[in-house]
Enquirer: 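Quick one: the structure is below, questions incoming.
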Protein chains: 2
Amino acid sequence: MTTRTDNDHAETGAERISDAEHAVMEALWKRSPQTAAEVCESVCKERGWSIPTVKTLLSRLVQKGALATQPDGRRYLYTPLIARSAYVGTESKRLVERLFGGRAAPLFAHLAQAEALSEDDIAEIERLLREMKK
Amino acid sequence: MTTRTDNDHAETGAERISDAEHAVMEALWKRSPQTAAEVCESVCKERGWSIPTVKTLLSRLVQKGALATQPDGRRYLYTPLIARSAYVGTESKRLVERLFGGRAAPLFAHLAQAEALSEDDIAEIERLLREMKK
DNA sequence: GCATTCAGATTACAGGCGTAATCGTACTGC
DNA sequence: GCAGTACGATTACGCCTGTAATCTGAATGC
């Protein structure tokens, strides 16, 4: 197993990152590199997983090109190959495409109706709108 | 098979509507009631499906409580039991929870960065913001 | 009446996913 | 040196999903 350096691999292909895999990615985005045991310390309690589960997910993510491995003695240190922001952006756009015909305003309208927007959210969105108009 | 009347059933439980199932729902949200053959006319060409596929998906959606059946001779007319807006709202919130810690503004920021916001989007969001401040 | 068609019900199968257990090997501690 | 531990690799298995084929019975057309 060699260390991979292709940063966009998982996000340009058809490989999806599953929900469970995503939880592992979040732990590694938060702090990396980490060993499998360390990742398990991060997520196993709140997810109710054991170490074999984490190791499987790590291995799948490596296969999908989402993680790089770096030998450290007999174990690996795992590092994300995709930026969280790239993943988040792709998932956001995917939702907008799937449910809103590619337009973001209806998504916003839905969130507004659902009262999912706090006053802070509104202030921040207004600020972003002002910046976009420059 | 009886006609169901529980409108929130699929969205309050753990049943997810899969991507393929969602395509069927969209056809029925667009126009319902429809027979299986009619649904297939709507989606089979663009999805590359055949009638057995559509019939399976319809049956699964009925099992999940997302569709109601209405006998029409020997065939069924299918009708959504969940509103599109409810489904869309749930999926939107799910994404926000999963990727943005429940806050909508960062989602908006991501879409803005990705240039996924048109001028029309911006104008409409501004209008909605004004309404929300009333 | 019989053959054909139609429609829902049932079955099929491969791959993905979730959550592991198990295997094989190397390392560590006594 | 040996037993225990740790680690990645491999295997396991049930459920879900995608995309059907097939079965069964009723309706239709000739």
Side-chain angles (χ1 to χ4, degrees), chain A residues 1-4 10 13-28 33-79 91 98, chain B residues 1-4 10 13-28 33-79 91 98:
Chain A
M1 180 67 75
T2 58
T3 304
R4 297 183 182 227
E15 315 252 54
R16 291 290 313 278
I17 289 173
S18 68
D19 283 352
E21 287 160 359
H22 170 242
V24 169
M25 291 302 295
E26 286 286 354
L28 287 165
Q34 277 191 68
T35 64
E38 284 166 344
V39 172
C40 189
E41 275 175 39
S42 299
V43 302
C44 283
K45 194 164 182 185
E46 75 186 68
R47 301 284 306 207
W49 291 342
S50 55
I51 187 68
T53 300
V54 170
K55 287 199 270 189
T56 302
L57 296 172
L58 286 167
S59 179
R60 283 180 186 166
L61 284 164
V62 170
Q63 284 295 312
K64 289 179 177 180
L67 291 181
T69 54
Q70 187 181 4
D72 176 46
R74 65 175 165 167
R75 63 194 182 174
Y76 288 144
L77 294 173
Y78 295 92
T79 302
E91 292 292 300
R98 185 165 73 93
Chain B
M1 180 66 76
T2 58
T3 303
R4 295 181 185 232
E15 315 252 53
R16 292 292 312 280
I17 288 173
S18 69
D19 282 353
E21 288 160 357
H22 170 242
V24 169
M25 292 302 294
E26 286 287 355
L28 288 165
Q34 278 192 64
T35 63
E38 286 167 341
V39 173
C40 190
E41 275 176 37
S42 299
V43 301
C44 285
K45 195 165 181 182
E46 75 186 68
R47 300 285 305 209
W49 290 341
S50 54
I51 187 68
T53 300
V54 170
K55 287 198 271 189
T56 301
L57 296 172
L58 287 166
S59 179
R60 284 180 186 168
L61 284 163
V62 170
Q63 284 294 313
K64 288 179 177 180
L67 292 181
T69 55
Q70 187 180 3
D72 175 45
R74 63 175 167 169
R75 63 193 180 175
Y76 288 144
L77 295 173
Y78 296 92
T79 302
E91 291 292 299
R98 183 165 75 94

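In the text below, chain A, chain B and the rest are named by the order of the sequence lines, each starting its count at 1. Remember, it's a predicted structure, so these values are computed and weren't measured experimentally.
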Enquirer: Counting side-chain heavy atoms from CB outward, which of D:dT19, D:dA21, D:dT5 is closest to B:P52?
Expert: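 Per side-chain heavy atoms of B:P52, the pick is D:dA21.
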
Enquirer: Report yes if a side-chain nitrogen or oxygen of B:S18 is closer than 4.0 Å to either non-bridging phosphate oxygen (OP1 or OP2) of D:dG18; otherwise report no.
Expert: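 So the side chain of B:S18 is within the cut-off, an N or O lying under 4.0 Å from OP1 or OP2 of D:dG18.
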
Enquirer: Once hydrogens and angles are ignored, does a donor-acceptor distance under 3.5 Å link the base of D:dG18 to the side chain of B:R60?
Expert: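 Side chain to base: pair present.
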
Enquirer: If I compare all heavy atoms of A:V43 with all of A:A23, which pair ends up nearest, and what's the gap?
Expert: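 Closest heavy-atom pair between A:V43 and A:A23: CG1-O, 4.0 Å.
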
Enquirer: Closer than 3.5 angstrom, by distance alone: can the side chain of B:S59 be matched with the main-chain N or O of B:K55 as a donor-acceptor pair?
Expert: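 Between the backbone of B:K55 and the side chain of B:S59 there is no qualifying donor-acceptor contact (under 3.5 Å).
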
Enquirer: Establish, with yes or no, whether the OP1 or OP2 oxygen of C:dT19 is under 4.0 angstrom from a side-chain nitrogen or oxygen of A:T56.
Expert: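 So the side-chain polar atoms of A:T56 never come under 4.0 Å of the phosphate oxygens OP1 or OP2 of C:dT19.
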
Enquirer: What are the two closest heavy atoms between A:A20 and A:R47, and how far apart are they?
Expert: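 Shortest heavy-atom contact: CA-NH2, 4.2 Å.
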
Enquirer: How close or far is atom P of D:dG8 from atom CD1 of A:I51, stated in whole angstroms?
Expert: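 Spelled out: CD1 on A:I51 to P on D:dG8 is 8 Å.
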
Enquirer: Under 4.0 Å between any heavy atoms, over every strand shown, what does B:R75 touch: base, sugar-phosphate, or nothing? Just pick one.
Expert: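 Result for B:R75 = sugar-phosphate.
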
Enquirer: Please determine whether a side-chain nitrogen or oxygen atom of A:K64 lies at a distance below 4.0 Å from atom OP1 or OP2 of C:dC17.
Expert: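 So the side-chain polar atoms of A:K64 do come within 4.0 Å of the phosphate oxygens OP1 or OP2 of C:dC17, strictly under.
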
Enquirer: Using the closest heavy atom to pick a nucleotide of DNA chain C for each, name whichever of B:A36 or A:L57 lands nearer the 5' end.
Expert: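 Looking at DNA chain C, the more 5' nearest nucleotide goes with B:A36.
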
Enquirer: Output yes when at least one side-chain N/O atom of B:T53 is less than 4.0 Å from OP1 or OP2 of D:dA20, else no.
Expert: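 Checking D:dA20 against B:T53, a side-chain N or O does come within under 4.0 Å of OP1 or OP2.
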
Enquirer: Of all heavy-atom pairs between B:K64 and B:I17, which one has the smallest distance, and what is that distance?
Expert: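 Residues B:K64 and B:I17, closest heavy atoms: NZ-CA, 4.2 Å.
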
Enquirer: Expressed in angstrom and rounded to an integer, what is the separation of A:L58 atom CG from C:dG18 atom P?
Expert: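 Answer to the nearest Å: 14 Å.
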
Enquirer: Can you tell me if the side-chain N/O atoms of A:Y76 get under 4.0 Å from OP1 or OP2 in D:dA6?
Expert: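 No, because none of the side-chain N or O atoms of A:Y76 sits under 4.0 Å from OP1 or OP2 of D:dA6.
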
Enquirer: Check if the side chain of A:R74 and the base of D:dC7 share a donor-acceptor pair of N or O atoms closer than 3.5 Å.
Expert: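 A donor-acceptor contact between them is absent.
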
Enquirer: Tell me whether A:E21 contacts the main-chain N or O of A:A66 through its side chain, where contact means a donor paired with an acceptor under 3.5 Å.
Expert: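 Flag not set: sc A:E21 to bb A:A66 has no pair under 3.5 Å.
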
Enquirer: Under 4.0 Å, heavy atoms only, any strand: does A:G73 hit a base, just the sugar-phosphate, or nothing?
Expert: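 Result for A:G73 = nothing.
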
Enquirer: Taking only side-chain nitrogens and oxygens of B:Y78, does any of them come within less than 4.0 Å of OP1 or OP2 of C:dA7?
Expert: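 Looking at the OP1 and OP2 atoms of C:dA7, neither is under 4.0 Å from any side-chain N or O of B:Y78.
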
Enquirer: Tell me: CD of A:E41 to P of D:dA6, nearest whole Å?
Expert: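 Answer to the nearest Å: 12 Å.
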
Enquirer: If you assign each of A:A37 and B:G48 to its closest nucleotide in DNA chain D, which residue comes earlier from the 5' end?
Expert: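 Going by which nucleotide is closer to the 5' end, it is A:A37.
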
